[in-house]
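Residue numbers start at 1 and run along the sequence shown.
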Amino acid sequence: MKHLRIRLPSNIYIHFIALILASTTSLLHAADSVQPNATRPNILFLLADDWGWPHASCLNDTVVKTPTFDRLVKEGVQFVNAHSTDPSCSPSRASILTGQYPWRLNDGANLFGYLPARFEVYPDLLEKNGYFVGYMLKGYSPGTLGDRTRNPAGNEYKDFETFLKQRPAGQPFCFWLGSHHPHRPYQLGIGVAHGLDPNKVMVPPYLPDSPEIRSDICDYYYNVEYFDQHESAAAVAAVEHLGELDNTIIVMTGDNGWPIPRGKTTNYDTGTHQTLAIRWSARITPGRTVTDFVSLSDLAPTFLDAAGIAIPSAMTAKSLMPLLLAKGSGQIDPTRDHVLAGMERHTDRESDDGTHYQGYPRRDIVTKDYHYIINFHPERWVAGNPKGFQVPGAAPATFEQLSNLTGIAYSDIDASPTKAWIVIHRADPNVKPLADAILGHHPDCELYDLRKDPYELKNVAKDPAYADVVNDLNKRLMDELTATADPRTQAGSVELDTLPSTQSKNPKTNTKAPVIF
């Protein structure tokens with residue numbers, strides 16, 4: 001079928017305990033003098049870095065414990081078909097902030113780009129309408145400010161306590177708590193050291209099963225628990241102490257899939273499917289589970305809608321308010337039967353001839369039964385050049401290098417023991433099929449029958465029995481991409497993955513601007 005053609009991040013987010021959120025006790029005593037806002041809701045956005053579906057105890061994961069998320073699910077609404085618009089940090093966050101698809105955001109479509117000021121963001125709009133706005137830790141990132149004077153997430157505060165102390169009396173607030181957890185790197189073995197049992201870990205069938213991989217998953221779980229049990233729990237407790245819990249919209253989710261091969265930076269379910277819970281006791285009937293397909297980009301118009309602010313026409317996302325205010329569970333809006341996502345450039349990956357850097361542009365549509373993906377450059381390596389940024393003629397990367405240096409090979413996969421184990425054992429006949437799917441080349445289109453193949457292991461796009469499904473989903477996807485002005489549908493448009501990057505070693509593409517993390 002013809003389609004229209006239209007460093008290393010894991011090593012830079014080291015988050016020491018001394019720099020994390022202040023203790024719950026100090027938070028509980030913050031801003032005691034602030035009078036409750038009885039009209040417009042406060043907004044507390046709890047955003048994890050690389051936490052994906054379904055890693056929460058209320059989702060039947062028997063190893064990880066997430067009592068804060070579980071509480072928000074019980075006291076609010078859980079969305080079980082929520083997806084990020086991109087499986088990479090910066091474009092996903094740009095989409096959340098703007099309520100638009102990343103492919104509409106020019107330089108904002110790529111990691112280590114910037115979000116141009118001409119694209120309005122919800123924190124600015126709330127602030128212009130009387131909200132006290134701020135963020136801590138990771139806002140829009142990584143990238144540069146570009147033509148903005150501050151991070152698109154708002155003014156930066158060292159912690160939530162400081163933000164609450166500086167909040168004017170009676171003023172509604174909007175706060176972005178952007179954790180660095182569970183982003184890599186991890187302290188090796190920290191999960192097992194804290195009592196997580198690797199023998200109880202469910203290794204998904206798209207990964208080989210080994211002790212190293214099981215232990216690595218436990219390290220990820222430990223970091224998920226830190227985000228939930230410490231950072232998020234303290235923030236929720238602080239709002240509760242203020243007496244404003246019921247009229248505060250609390251959203252808890254992650255920005256993209258988990259940092260495991262075939263998760264983050266891929267457009268499979270494991271790259272974009274997100275845990276998402278929203279609590280607002282003043283308006284929401286608690287304990288509901290909504291199956292409508294929703295996008296994290298829907299949060300921007302939702303926040304504006306809840307605050308009584310007009311939603312800009314440029315926002316392609318839709319407010320979740322009708323779903324939140326409904327009384328029942330299940331499918332609420334029959335038109336929300338699918339979700340779109342895409343990707344352009346994550347790391348600056350060398351081309352095979354070493355002359356330039358490139359991404360792996362994809363677009364996809366997910367429905368209840370099927371997942372259809374277009375790969376616009378199938379000739380490229382799906383996870384990045386196997387040679388990475390190595391010096392020509394250098395020896396193959398070692399297990400230790402692959403565990404700690406993302407750019408050494410396949411740079412769209414964060415350095416980790418899991419990545420190292422798969423690369424080192426790739427020739428093993430029992431590992432090769434999985435390794436090839438993770439590291440190799442992919443065809444121009446992929447289709448997965450989710451009814452039979454929930455882990456998306458068998459591509460049936462070329463199966464004649466699915467020809468009608470492919471044609472239908474291809475048309476639906478391309479029609480929506482065209483309607484949202486995706487450059488990949490417009491002949492002669494710039495390819496987004498060629499735009500400048502602060503990460504690139506190539507002087508022609510490096511903007512040399514200060515990088516924000």
Side-chain angles (χ1 to χ4, degrees), residues 30-31 33-47 90 92-100 104-105 108 114-141 143-179 235 238-239 242 244-245 247-253 255 278 280 282-283 296-321 516:
S33 62
V34 174
Q35 297 300 311
N37 172 58
T39 54
R40 291 183 294 172
N42 302 315
I43 298 167
L44 175 61
F45 185 35
L46 306 172
L47 182 62
S90 305
S92 173
R93 290 163 184 260
S95 183
I96 291 170
L97 286 159
T98 62
Q100 299 196 49
R104 294 170 55 86
L105 303 178
Y114 78 100
L115 182 56
R118 67 180 181 273
F119 299 112
E120 292 184 299
V121 294
Y122 78 78
D124 288 351
L125 294 171
L126 288 169
E127 186 176 61
K128 290 176 183 176
N129 285 273
Y131 271 73
F132 186 58
V133 172
Y135 85 98
M136 63 178 284
L137 299 174
K138 185 173 181 178
Y140 166 76
S141 169
T144 69
L145 289 180
D147 55 353
R148 294 179 182 270
T149 58
R150 70 179 188 185
N151 193 292
N155 292 318
E156 184 176 11
Y157 292 82
K158 68 176 183 178
D159 51 41
F160 192 31
E161 174 187 10
T162 302
F163 172 81
L164 292 177
K165 285 180 177 179
Q166 295 184 18
R167 171 195 179 196
Q171 190 170 358
F173 71 79
C174 174
F175 191 75
W176 171 304
L177 192 162
S179 176
V239 176
L242 294 176
E244 300 184 45
L245 183 62
N247 198 34
T248 298
I249 298 173
I250 302 177
V251 177
M252 188 171 179
T253 189
D255 59 354
I278 301 179
W280 186 15
R283 301 291 302 277
L296 295 190
S297 63
D298 293 331
L299 293 175
T302 301
F303 295 155
L304 297 177
D305 195 5
I309 300 170
I311 299 170
S313 59
M315 288 191 175
T316 50
K318 299 188 299 181
S319 171
L320 298 174
M321 286 296 291
I516 52 175

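- Judged purely by atom type and a 3.5 angstrom limit, S90 uses its side chain to pair as donor or acceptor with the backbone of S141.
- Taking each heavy atom of Y157 and M136 in turn, the nearest pair found is O-CB, 3.4 Å.
- Identified under the side-chain hydrogen bond (donor to acceptor under 3.5 Å, both in side chains) test for residues 297-311, with sequence neighbours left out: S295-S297, D298-R336, D305-S319.
- P41 and P172 get closest at one heavy-atom pair: O-CB, 4.2 Å.
- For A300 against G99, the heavy-atom pair with the smallest separation is CB-N, 3.7 Å.
- For the pair P312 and L304, the minimum side-chain heavy-atom distance is below 4.5 Å.
- Residue pairs meeting the side-chain hydrogen bond (donor to acceptor under 3.5 Å, both in side chains) criterion with at least one member in residues 121-130, sequence neighbours excluded: D124-R150, E127-R150.
- With hydrogens and angles ignored, the 3.5 Å screen pairs no side-chain donor or acceptor of N247 with any backbone N or O of N42.
- Of the inter-residue distances, the one linking F163 atom CZ with L177 atom CG reads 11.0 Å to the nearest 0.5 angstrom.
- In terms of heavy-atom proximity, P152 sits nearest to P123 at O-CG, 3.5 Å.
- To the nearest 0.5 Å, the span separating OH on Y135 from CG on N155 amounts to 9.0 Å.
- You'll find the ring centres of Y140 and Y114 outside the 6.0 Å limit.
- Atom CD of Q171 is separated from atom CZ of F132 by 7.0 Å, given to the nearest 0.5 angstrom.
- Shortest non-hydrogen contact noted between A307 and L126 is CB-CD2, 3.8 Å.
- R104 is linked by a side-chain hydrogen bond (donor to acceptor under 3.5 Å, both in side chains) to Q100, counting only residues two or more places apart in sequence or in another chain.
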What verdict does the side-chain contact (heavy atoms from CB on, under 4.5 Å) test give for L47 and T253, after you've listed the backbone C-alpha separation in whole Å, the side-chain angles of each residue and the deciding distance to 0.1 Å?
CA-CA 5 Å; L47 182 62; T253 189; 3.9 Å; yes
Check the pair F175, L164 against side-chain contact (heavy atoms from CB on, under 4.5 Å), reporting the backbone distance first and the verdict last.
CA-CA 9 Å; F175 191 75; L164 292 177; over 6 Å; no
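- Using a distance-only test at 3.5 Å, with no hydrogens or angles considered, no donor-acceptor pair links the side chain of R93 to the main chain of D255.
- The line from CD1 of I516 to CG of N151 is 4.5 Å long, rounded to the nearest 0.5 Å.
- Shown are V133, L97, L137; of these, the side-chain contact (heavy atoms from CB on, under 4.5 Å) with W176 is made only by L97.
- Here the straight-line distance linking atom OG1 of T162 with atom CD of E156 works out to 11.0 Å at 0.5 Å rounding.
- Between F45 atom CZ and F303 atom CZ the span is 6.0 Å, to the nearest 0.5 Å.
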